[in-house]
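Can you read through this structure? Questions will come right after.
Values reported hereafter were calculated over all heavy atoms of this structure, with side chains retained and with hydrogens, waters and symmetry mates removed. In the text below, chain A, chain B and the rest are named by the order of the sequence lines, each starting its count at 1. Here the structure is a predicted model, which means the values were calculated and not measured.
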Amino acid sequence: MASCDDPQAPSAKSTEKIPEQEATEGAADAQLHEQDRDGFSDISDSELLAVPEEAMIGSGGYDPFAEKMVQPKEVADAQVKIDDSPGTSSEVHQKEKRGITQSFIDITQRKRKQLPQTPLEKYHMKYLWVTNLCSQTWCEQQMVYEFELPAFLQPEKSAVMNAGSSIHLARELEVHDVVSVTTQTREDSWAVKFLNILSMIPVLQSGGLIREFPVFGEQDGVFLVGVIDELGYSPKGELELRELKTRGSPTLPKAAQKRSHEFQVSLYKLLFDGMVSGGLQPDLFIQHLHLMPGQELGVQVKEHANRVGITVSTFMELAELTCLNLQFSDLPMIDSLKVEYCYQENGAMLGCEVLHFNRETVLERLKYYMEFWKGLRETQGVDIEEAWKCRMCSFANICEWRTSKSTVKKRPR
DNA sequence: ATTGCTGAAGGG
């Protein structure tokens, strides 16, 4: 629903998209890789240093041990225009450039102050996405490489992901229209999220269906941001979260992938429940995102707010209004979590799973993943039992985790 | 800060 340019770009105005509610009441694995007997041992010491040509980006080289990456300045400074439609190739390029920029900044910062950085600091993240944590559940080491070498993703994989994005967008448009709103500041971008929420609350209150509901909040000291695919009521009148997963093959996912989906929807519930029960404090946006409370909202944003019957002038006014609305609209917490799987090719439903929410388990896993982001522990790759994941990993042949494992195995002393 | 800080999900 929301799409936006880099609001920090000096000259660039960005556009956010806002859903306009329509009548909503009528809206209605692949092959199993059997476990490697020898786990990680298929990698040799010579492969360890043989970085393939594709790992080079620009004029810079990648060294998994020294973690150096350099590139021409004009690349680092390039401002990128964002394409509205999710999953286009321009988006992929944009991600690449962003990754390169981050590494560039990282080097200069490290030189200046010789302090060890937490991953959050290193990648300049004020907050995490729910999906960051989901890829972390698959393989933390792989997630790290995706941050550091975003250009290295397999094209076939991104093709399946782009197709998934298109299907999600089409579904969103079934329940509401989307209009563009120009934003000028980061505060504006968040204001648009708030306005989206404020316009979806009444739909939920009247028993309707909504898609792409923004959720956020503090978890374990870190600000977490996500988007709930779909919220609606079951015939029994329970508030139901539905997450659609489109698949490249007409098969249901294996356990490892289901675990990640379960974690994803559990995080959504954690965040949503927190929002409707008063857990979202306006101050969090200042503390974590360093937004300016008194920031005057942009003209376009104010205009849109007026169209939906809201008169605000500063960021904080709207943040407070949103938090209060969430808390006092008497919205229920999420009762059930559903994941629906469909085949990309023809849209055929492959299955639907109802997942159980276990607060303790989710919080425990969350804590473990956050320990990584806070720099409290080293990066952890997959366990030997899940070494099969490495076979479809783009980073397998440069992976530090794999090489360390195989070294241990070959030279036990 | 010399320059400057993320649409989220996307699938395996």
Item checked: 5' priority, DNA chain B, between A/G226 and A/W138 [closest heavy atom] ->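 That would be A/G226.
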If only side-chain N and O atoms of A/T246 are considered, is one of them under 4.0 Å from the OP1 or OP2 phosphate oxygen of B/dG11?
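Looking at the OP1 and OP2 atoms of B/dG11, one of them is under 4.0 Å from a side-chain N or O of A/T246.
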Practice prompt. Return the 5'-most residue of the pair A/L128, A/G164 with respect to DNA chain B, ranking by each residue's nearest nucleotide.
Written response: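 Checking each residue's closest nucleotide, the 5'-ward one belongs to A/L128.
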Would you classify A/H168 as touching base, sugar-phosphate or nothing, given that sugar-phosphate means primed atoms plus P, OP1 and OP2, and contacts are heavy atoms under 4.0 Å?
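It contacts sugar-phosphate atoms only.
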Discussion item. Looking at A/Y368, I'd like to know if the NZ or CZ of A/R377 sits under 6.0 Å from its six-membered ring centre while staying within 45 degrees of the ring's axis.
Written reply: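 Yes - A/R377 lies over the ring of A/Y368, closer than 6.0 Å to its centre and within 45° of its axis.
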task = For A/H261 and B/dA8, give me the distance from atom NE2 to atom P, rounded to whole Å.
result =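 Interatomic distance, NE2 of A/H261 to P of B/dA8: 19 Å.
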A/Q142 side chain near B/dG12 phosphate (N/O to OP1/OP2, under 4.0 Å)
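Answer is no, no contact under 4.0 Å.
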Legend entry - Aromatic ring of A/W129 stacked on base six-ring of B/dA9, 5.5 Å, 30°: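 Not stacked by the 5.5 Å and 30° rule.
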### Task
Kindly say if A/Y127 contacts the phosphate of B/dA8, meaning a side-chain N or O under 4.0 Å from OP1 or OP2.
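So the side-chain polar atoms of A/Y127 do come within 4.0 Å of the phosphate oxygens OP1 or OP2 of B/dA8, strictly under.
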Practice prompt. Round to a whole Å and report the spacing from CD of A/E172 to C1' of B/dA9.
Written response: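 These atoms are roughly 12 Å apart.
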task: Please say whether more than 12 non-hydrogen atoms of neighbouring residues, nucleotides or ligands are located less than 6.0 Å from NE2 in A/H356.
output: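 No, NE2 of A/H356 has 12 or fewer neighbouring heavy atoms, counting only those of other groups under 6.0 Å.
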Query raised in the report: With respect to the phosphate group of B/dG4, does any side-chain polar atom (N or O) of A/H124 fall under 4.0 Å of OP1 or OP2?
Result: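 Checking A/H124 against B/dG4: no side-chain N or O falls below 4.0 Å of OP1 or OP2.
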Once you round it to whole Å, what is the distance between P of B/dG12 and OH of A/Y343?
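Roughly 11 Å, once rounded to whole Å.
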* Asked: With A/E317, which residues qualify under salt bridge (Lys or Arg N to Asp or Glu O under 4.0 Å), at least two apart?
  ->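 With neighbours one apart ignored, the set is empty.
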- Query: What class does the angle between the rings of A/Y341 and A/H261 fall in, given that below 30° is parallel, 30 to 60° is tilted and above 60° is perpendicular?
  - Reply: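 Aromatic pair A/Y341/A/H261 classed tilted.
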Quiz prompt | Atom pair distance, as rounded to whole Å: CZ in A/R171 and C1' in B/dA9 | solution =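 The distance from CZ of A/R171 to C1' of B/dA9 comes to 13 Å, rounded to the nearest Å.
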Between B/dG10 and B/dT6, how far is it from one C1' atom to the other, in whole Å?
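After rounding to an integer number of Å, I get 16 Å for this pair.
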Hey, is the side chain of A/T131 poking within less than 4.0 Å of OP1 or OP2 on B/dA9, counting only N and O atoms?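 Yes, such a contact exists.
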| task | Compare side-chain N and O positions of A/R186 against OP1 and OP2 of B/dC5 and report whether any pair is under 4.0 Å apart. | result |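 No.
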message = With a 4.0 Å limit, can you tell me whether A/K245 has a side-chain N or O closer than that to the phosphate oxygens OP1/OP2 of B/dG10?
response =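 Result: yes.
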Looking at B/dA9, I'd like to know if its phosphate oxygens (OP1 or OP2) sit under 4.0 Å from a side-chain N or O belonging to A/Y268.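 For B/dA9, OP1/OP2 do have a side-chain N/O of A/Y268 under 4.0 Å.
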* Closest to the A/S165 side chain, choosing from B/dA9, B/dT6, B/dG12 ->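 Among B/dA9, B/dT6, B/dG12, the one nearest the side chain of A/S165 is B/dA9.
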Practice task
Starting at atom CZ of A/R259, determine the distance to atom C1' of B/dG12, rounded to an integer number of angstrom.
Solution key: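 Interatomic distance, CZ of A/R259 to C1' of B/dG12: 13 Å.
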| query | Does a donor on one side chain and an acceptor on the other come within less than 3.5 Å for A/R307 and A/H304? | reply |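 Side-chain D/A pair, A/R307 to A/H304: present.
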Exercise for review: Mind checking A/L133 for me? I need base, sugar-phosphate or nothing, with any heavy atom below 4.0 Å counting as a touch.
Suggested key: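 Counting heavy atoms under 4.0 Å across all strands, no contact is made by A/L133.
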Checklist line | Between B/dC5 and B/dA1 - C1' atom distance, rounded Å | finding: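 Comparing C1' positions in B/dA1 and B/dC5 gives a spacing of 11 Å.
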